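Bear in mind the structure is a predicted one, so any value in this text is a computation, not a measurement.
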Amino acid sequence: MSAPDKYRIEIIPTPQFIPDQSDPDDNRYVFAYTIAIRNVGSVAAQLVSRHWIITDANNQVQEVRGLGVVGKQPLLQPGERFEYTSGTPLTTPIGTMKGSYQMVAEDGTHFDAEIPEFVLAIPRALH
């Protein structure tokens, strides 16, 4: 179910553990993630909403939906890039995130940009 080449968004996530906001004794692990979004298609497109699926090591799933990202609904011209940083707390030291951005191209076409699954893990948690 891939969008035609003119509707292509590249998404590169970079997660990071935030130790000073975490409290392992209280099962609180805070992660930041920076998302780079680039329009690699040939039509301008606006990110209008997001859908995240966040899963912790106990297979507890949290779904998050909302308008835009960090209060913005960026319009990306072909070749343009938008980057933002956000965060999420987990109750386990390891988890995953994946999801999609709902996009609207300037020609009115609605499409989803898939966010590839990435791992949230405290340092040394994965060997």
Side-chain angles (χ1 to χ4, degrees):
M1 180 178 105
S2 73
D5 279 354
K6 65 181 187 176
Y7 310 114
R8 286 203 30 237
I9 304 294
E10 177 185 80
I11 298 169
I12 300 171
T14 308
Q16 179 185 350
F17 176 59
I18 309 296
D20 58 341
Q21 292 181 28
S22 299
D23 185 357
D25 294 337
D26 198 27
N27 291 326
R28 180 176 166 80
Y29 302 88
V30 177
F31 296 90
Y33 51 89
T34 298
I35 305 286
I37 305 165
R38 187 165 34 156
N39 185 347
V40 294
S42 59
V43 178
Q46 183 172 21
L47 188 162
V48 291
S49 61
R50 69 190 183 280
H51 175 214
W52 284 107
I53 300 166
I54 306 165
T55 307
D56 71 14
N58 298 324
N59 275 326
Q60 295 297 309
V61 175
Q62 189 183 159
E63 289 201 47
V64 178
R65 295 178 188 272
L67 289 176
V69 290
V70 294
K72 297 184 169 86
Q73 291 180 314
L75 174 65
L76 298 170
Q77 298 297 328
E80 271 190 338
R81 173 185 161 113
F82 178 80
E83 193 173 288
Y84 74 95
T85 299
S86 190
T88 190
L90 290 181
T91 57
T92 60
I94 300 175
T96 62
M97 287 181 72
K98 65 180 177 180
S100 60
Y101 296 123
Q102 290 66 55
M103 311 290 296
V104 179
E106 68 182 352
D107 64 9
T109 300
H110 290 246
F111 66 99
D112 281 356
E114 294 299 317
I115 304 165
E117 185 170 68
F118 58 97
V119 174
L120 305 170
I122 64 169
R124 295 176 302 282
L126 296 175
H127 300 285

Hey, any chance W52 and M103 share a hydrophobic cluster, counting ILVMFWY side chains that come within less than 4.5 Å of each other, even indirectly?
yes
Between N39 (side chain only) and L76 (backbone N and O only), is there a donor and an acceptor less than 3.5 Å apart?
yes
Partner residues of Y29 under the ring pair (Phe, Tyr, Trp, His ring centres under 6.0 Å) criterion, sequence neighbours left out:
none
Treat each ILVMFWY residue as a node, draw an edge where side-chain heavy atoms are under 4.5 Å apart, and state whether V70 and V64 are in one component.
yes
Kindly say whether V48 contributes a backbone atom to a donor-acceptor pair with the side chain of Q73 at under 3.5 angstrom?
yes
Kindly give the heavy-atom pair with the smallest separation between I9 and A113, and that separation in Å.
CB-CB, 3.6 Å
Report whether I11 and V104 are members of the same hydrophobic cluster (ILVMFWY, side-chain heavy atoms less than 4.5 Å apart, transitive linking).
no
Here the pair of heavy atoms bringing P15 nearest to V119 is CG-O, 3.3 Å
Side-chain heavy atoms under 4.5 angstrom apart, residues restricted to Ile, Leu, Val, Met, Phe, Trp, Tyr: same cluster for L47 and V40?
no
Which pair of heavy atoms, one from E117 and one from K98, lies closest together, and at what distance?
CA-CB, 3.6 Å
Polar contact flag, side-chain donor to acceptor under 3.5 angstrom, N58-T92
no
State, to 0.1 Å, how close G41 and P78 come at their nearest heavy-atom pair, and which atoms those are.
O-CB, 3.4 Å
Distance in Å, E80 CD paired with L75 CG, rounded so as to fall on 0.5 Å steps:
7.0 Å
Distance col, row I35:CD1 vs R50:CZ, nearest 0.5 angstrom, shows 11.5 Å
Parallel, tilted or perpendicular, judged at 30° and 60°: which one describes the rings of F111 and Y7?
tilted
When you measure from the side chain of D112 to the backbone N and O of E114, does any donor-acceptor pair fall under 3.5 Å?
no
Distance (rounded to the nearest 0.5 Å) between R38 CZ and E83 CD:
11.0 Å
Is it true that a side-chain atom of R81 and a backbone atom of I37 form a donor plus acceptor pair closer than 3.5 Å?
no
Ignoring hydrogens and geometry, is there a side-chain-to-backbone donor-acceptor pair from T34 to T85 under 3.5 Å?
no
Over all atoms of both residues, closest heavy-atom pair of I115 and S100
CD1-N, 3.5 Å
Looking at NZ of K72 and CG of L67, how far apart are the two atoms once the value is rounded to the nearest 0.5 Å?
15.0 Å
So CG of L90 and CD of Q60: to nearest 0.5 Å the spacing works out to 11.5 Å
Path from V69 to F118 over hydrophobic side-chain contacts below 4.5 Å
yes
Within-4.5 Å side-chain heavy-atom neighbours: F31 and I122:
yes
Does a donor on one side chain and an acceptor on the other come within less than 3.5 Å for H110 and Q102?
no
Supply the atom-to-atom distance T88 OG1 to I18 CD1, rounded to the nearest 0.5 angstrom.
12.0 Å
Classify the ring geometry between Y33 and Y84 as parallel (under 30°), tilted (30 to 60°) or perpendicular (over 60°).
perpendicular
Grab the two heavy atoms, one from V30 and one from F17, that are nearest each other, plus how far apart they are.
O-CD1, 3.5 Å
Keeping D26 on the side-chain end and R28 on the backbone end, is there a donor-acceptor pair under 3.5 Å?
no
